[in-house]
*Asks:* 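The structure that follows is given in the form of structure tokens.
Just so you know, ligand 1 is whichever comes first in the structure, and atom 1 is the first atom listed for that ligand.
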Amino acid sequence: MPNTKTLVLIKPDGLSKSLTGNIITRFSETRLEIIAAKIVRVSRELAEKHYEAHKDKPFYSELIDYIMGKLHKRHKVMALIYYGENAIEKIRAICGKTNPEEADPETIRGQYGRILTSGVFENVVHASDSIESAEREIKLWFEPDEIIYDLYPTEIKVFMNYKKRVWKDDPYRKYT
Ligand code: IDP
Ligand code: MG
């Protein structure tokens, strides 16, 4: 079986319930390798791009609020990339079914997920569902230099008038 990579998000309910450690421990059963990780404040633009396939669904606008953290007063998610043999299938198996009430209680969603009365499935984690969606999602959430392996082709771009926010008076700054 070939090595694949997959994007995992620990959604705002997972962070607000302090489940990060439990979730990463569950994923470590796969023996897959974490090759990138960060905490992200999710903009509306990022949320809409991530869930663009669902834009016609009745739960779409609440789904955007959910992933942006508006339902949990935690405006952040944790994004990780797992890499290794059959990564997509192995990670989704531990996540469990989309609907937390149908998910096996052994799975993350079965154990920690719930359905809000308004209808959205608060299911704690996101995981890519195919090689194609993993590529789209990894490129959406991460820049090449944030990942320890070269997963996809890259190119160098020179930006004119490029502005970047940096630490004020940083004695370690490598550029002027
Ligand atoms: P997945 O996360 O298992 O891949 P998708 O069908 O891609 O499931 O749906 C994205 C997210 O939208 C789900 O994780 C869940 O939070 C929410 N969702 C999906 N289907 C429903 C539904 O029928 N009702 C409410 N929320 C849903
Ligand atoms: Mg999906």
Side-chain angles (χ1 to χ4, degrees), residues 4-30 32 34-142 147 151-152:
T4 54
K5 44 263 179 185
T6 188
L7 179 87
V8 167
L9 302 176
I10 302 179
K11 296 181 177 182
D13 50 326
L15 292 175
S16 76
K17 293 174 185 164
S18 302
L19 294 172
T20 313
N22 307 45
I23 291 168
I24 291 174
T25 300
R26 289 302 314 276
F27 286 137
S28 68
E29 292 165 21
T30 62
L32 294 165
I34 298 173
I35 60 168
K38 62 180 176 181
I39 301 287
V40 184
R41 189 163 51 193
V42 182
S43 66
R44 178 165 297 278
E45 189 187 2
L46 176 58
E48 289 179 350
K49 282 184 181 156
H50 179 73
Y51 280 130
E52 72 185 7
H54 296 292
K55 63 175 182 294
D56 297 324
K57 304 272 172 63
F59 53 85
Y60 175 73
S61 90
E62 204 184 345
L63 181 59
I64 296 300
D65 286 349
Y66 169 33
I67 199 68
M68 288 179 72
K70 294 188 173 203
L71 310 179
H72 297 90
K73 301 185 185 75
R74 286 285 195 293
H75 294 247
K76 59 186 179 183
V77 306
M78 184 167 188
L80 306 105
I81 303 172
Y82 280 86
Y83 178 81
E85 202 175 279
N86 263 340
I88 292 170
E89 294 76 11
K90 284 179 181 165
I91 293 285
R92 278 189 72 95
I94 291 177
C95 290
K97 286 192 183 165
T98 307
N99 180 341
E101 283 186 0
E102 289 174 4
D104 190 313
E106 300 282 289
T107 63
I108 293 169
R109 287 167 164 180
Q111 201 173 357
Y112 302 120
R114 63 174 184 163
I115 302 181
L116 291 189
T117 41
S118 57
V120 81
F121 297 163
E122 257 187 38
N123 53 12
V124 191
V125 280
H126 166 84
S128 309
D129 65 6
S130 65
I131 288 176
E132 295 72 28
S133 54
E135 176 171 354
R136 190 185 76 84
E137 293 170 1
I138 287 169
K139 289 176 173 176
L140 179 61
W141 287 84
F142 285 92
I147 308 170
L151 298 182
Y152 307 108

*Asks:* Can you tell me how the ring of H54 sits relative to the ring of F59, calling it parallel under 30°, perpendicular over 60° and tilted otherwise?
*Replies:*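 H54 vs F59 ring planes: tilted.
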*Asks:* Restricting to non-hydrogen atoms, name the atom on A87 and the atom on L32 that form the minimum distance, rounded to 0.1 Å.
*Replies:* CA-CD1, 3.8 Å
*Asks:* Tell me whether the guanidinium CZ or amine NZ of K5 lies under 6.0 angstrom from the six-membered ring centre of Y152 and within 45° of its axis.
*Replies:*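 Positive - K5 is close enough to the ring of Y152 and near enough to its axis.
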*Asks:* Might you confirm whether atom CD of E89 has over 12 heavy atoms from other residues, nucleotides or ligands at distances under 6.0 Å?
*Replies:*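 Correct, the count exceeds 12.
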*Asks:* Which parts of the protein, at residue level, reach under 4.0 Å of ligand 1 through a heavy atom?
*Replies:*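 Near ligand 1, by chain and number: K11, Y51, H54, F59, L63, Y66, R92, T98, R109, G119, V120, F121, N123.
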*Asks:* If the threshold is 4.0 Å, N to carboxylate O, is there a salt bridge linking K49 and E45?
*Replies:* yes
*Asks:* Could you tell me whether K11 sits above the aromatic face of Y66, with NZ or CZ closer than 6.0 angstrom to the six-membered ring centre and within 45 degrees of the axis?
*Replies:* no
